[in-house]
Structure formats: C-alpha cells, structure tokens
Amino acid sequence: MSVAVPLDLTCDELLSTTRAVRRGLDLTRPVDLEVVKECLRLALQAPNGSNRQRWRWIVLTDPALRSRVADVYRRAFHDRMGPALDRLDEAEASVRRLLTDGRDLAEKLHRVPVLVVPCLELDSERLPEGNQAGVWSSLLPAMWSYALAARSRGLATTWTTVHLDREKEVAELLGLPKTVHQGGLLPTAHSLRTRFGPGPRLPLEEVLHIDGWNGETRVEARP
C-alpha cells in the first residue's frame, strides 16, 4: 500500500493552500485506509452542537460501489451543469475552468480511490425547519478538518455536493437509514501536484463590515 508522506507545513500554509483538487488527483495510486482513518479521527475533534456527535462517515473503497455512486453523481452533474457546458465558449475564463474541471471530476469520479460521504444522523426523516446553520454546523467544520488533515498528509480532496441533487439514489445505494442525511462528498486521492498556493479571493477590505453593515451602527453603553 502506498503511504502518504506528511508535509512540513505551518498552520498558516495549511489553511491557505488546502485547495479543491479536481483534475490533479492521482487515479492510479491507492490510498491507505489507515491514513483516511487518521484524518477522520482528527475531524472528530471539530466543534459540533452540544457535543452530540451525530456525524457519521461512510468511506467507500469498493470499486463497484464507487462506480455506482459515480454514475449517480455524473447524472446529477450533467443535469445541473449541462446548459452551462453547452455555452462553454461564452463563459469567462475562470468560469470555463471551473466547469471543465468539474466535468473532469464527474467523468473520472469512479476512479478516485476513496470517496468519503459525511452524514448527520438526526431524530427524524425530515430536516428540521428554520435554523439550518445550526443543523449543518455540527458537520461542516468536521468536513473541513478532514480536508486539512488529508492535505497535511500529502492527500488531495475536493468538497462537492452535486450528488445531493439525487441524494435519495445515493442513500439507497449505501443503505442509509432515512434519518441519516448526507452533507457532501469528499473524493480523496494522492495529488499529482506537490505545491499549492492561496486561491483567488477578494481583498478583506471588500467583504469586511465593522459595527454594522454600513459601519455606522452605534449602541449606547448600558449604565
């Protein structure tokens, strides 16, 4: 089994260079399941509501099962992105790259060595109404922790939710109880690249609001 080599990254480097890798996944090199488990153990240290730890992690390594999930993902991707792909020549360069990279992942997903499906096990078949941020904040931080842990070990991931357009189909393939709700999909593989830089982001000054949206909110101090 090919072993992931830990990278010598500072905390700031890890946080700023963990990228969504779609094209650069090594589809020929196996991933050690024990390394995936190491990453998940770290993910379990993420914050979650009232420490109820309702997260559940489905790790797919079986080629036949990965292939069936990938088939569902591929249909969902083309249902969602087909119109945009038909007008690919009209898109800006950055959008065109995202679309083609996404298509590449969809077409090759069955070859990704490990697919991780993070889930929440709730009390009912229906998601609660209202505060969805409160619901998913018990899973999403752990998903990101998994991605960071994988990056620190020389693995690459991408965070995708495309298959949730056909969530029930995947749930049936995986035999999930109806009270278990999927939060995304984390394809995991070794990376063909060894170096990553920060992603393109707006400057902080363009998205920062201090003391209210207009920066003018003032509240009198209580006596």
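All residue numbers refer to positions in the sequence shown, counting from 1.
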Do [X] and [Y] have side chains that get closer than 4.5 Å, going by heavy atoms?
X    : Y    : result
Y73  : V162 : yes
L139 : N48  : no
P113 : P30  : no
L140 : W159 : yes
W144 : T157 : no
L148 : L15  : yes
L122 : P128 : yes

Mind listing the closest non-hydrogen atom pair of [X] and [Y] along with its distance?
X    : Y    : result
F77  : R103 : CZ-N, 3.3 Å
R22  : T158 : CG-OG1, 3.9 Å
F196 : R151 : CD1-NH1, 3.6 Å
V112 : A189 : CG1-CB, 4.3 Å
L14  : S152 : CD1-N, 3.9 Å
A46  : W55  : O-CH2, 3.3 Å

Is there a continuous path of hydrophobic side-chain contacts, each under 4.5 Å between heavy atoms, that joins [X] to [Y]?
X    : Y    : result
L115 : M143 : no
V31  : V116 : yes
L98  : V21  : no
L105 : L85  : yes

Any chance you could measure [X], atom [atom1], to [Y], atom [atom2], to the nearest 0.5 Å?
X    : Y    : atom1 : atom2 : value
L25  : R111 : CG    : CZ    : 10.5 Å
H110 : L60  : NE2   : CG    : 14.5 Å
R23  : S191 : CZ    : OG    : 14.0 Å
E129 : Q132 : CD    : CD    : 9.5 Å

Could you list the residues that satisfy side chain to side chain donor-acceptor pair (under 3.5 Å) with [X], not counting sequence neighbours?
X    : result
T28  : D26
R68  : none
S145 : none

Can you name the salt bridge (Lys or Arg N to Asp or Glu O under 4.0 Å) partners of R56, sequence neighbours left out?
-> E121
Residue list, salt bridge (Lys or Arg N to Asp or Glu O under 4.0 Å) with K168, at least two apart or on another chain |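 Salt bridge (Lys or Arg N to Asp or Glu O under 4.0 Å) check on K168 returns nothing, list empty.
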So, are D62 and R66 salt-bridged, with charged N and O less than 4.0 Å apart?
-> no
Listed by chain and number, what are the side-chain contact (heavy atoms from CB on, under 4.5 Å) partners of [X], not counting sequence neighbours?
X    : value
T61  : L33, V59, V114
D123 : R52, R54
D79  : R166
R97  : D101

Any pair counted as side chain to side chain donor-acceptor pair (under 3.5 Å), so long as it reaches residues 197-208, sequence neighbours left out | none
Which side-chain N or O atoms in residues 36-44 pair as donor and acceptor under 3.5 Å with protein atoms at least two apart or in another chain?
unit_1 : atom_1 : unit_2 : atom_2 : d
K37    : NZ     : E34    : OE2    : 3.4
E38    : OE1    : R153   : NE     : 3.0

Can you name the one residue among M81, R75, R74 that meets side-chain contact (heavy atoms from CB on, under 4.5 Å) with H78?
->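 Testing H78 for a side-chain contact (heavy atoms from CB on, under 4.5 Å) against M81, R75, R74 leaves exactly one candidate, R74.
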Counting N and O atoms only, with roles assigned by atom type, does the side chain of S67 sit under 3.5 Å from a partner on the main chain of P63, one being a donor and the other an acceptor?
->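 Looks like no, no N/O pair under 3.5 Å.
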Any donor-acceptor N/O pair, T161 side chain to L164 backbone, under 3.5 Å | no
Could you tabulate the donor-acceptor pairs under 3.5 Å formed by side-chain atoms of residues 170-188, not counting sequence neighbours?
unit_1 : atom_1 : unit_2 : atom_2 : d
H181   : NE2    : S124   : O      : 3.3
H181   : NE2    : E125   : O      : 3.4
Q182   : OE1    : H163   : NE2    : 2.9
Q182   : NE2    : E167   : O      : 3.1
T188   : OG1    : Y146   : OH     : 2.9
T188   : OG1    : L186   : O      : 3.1

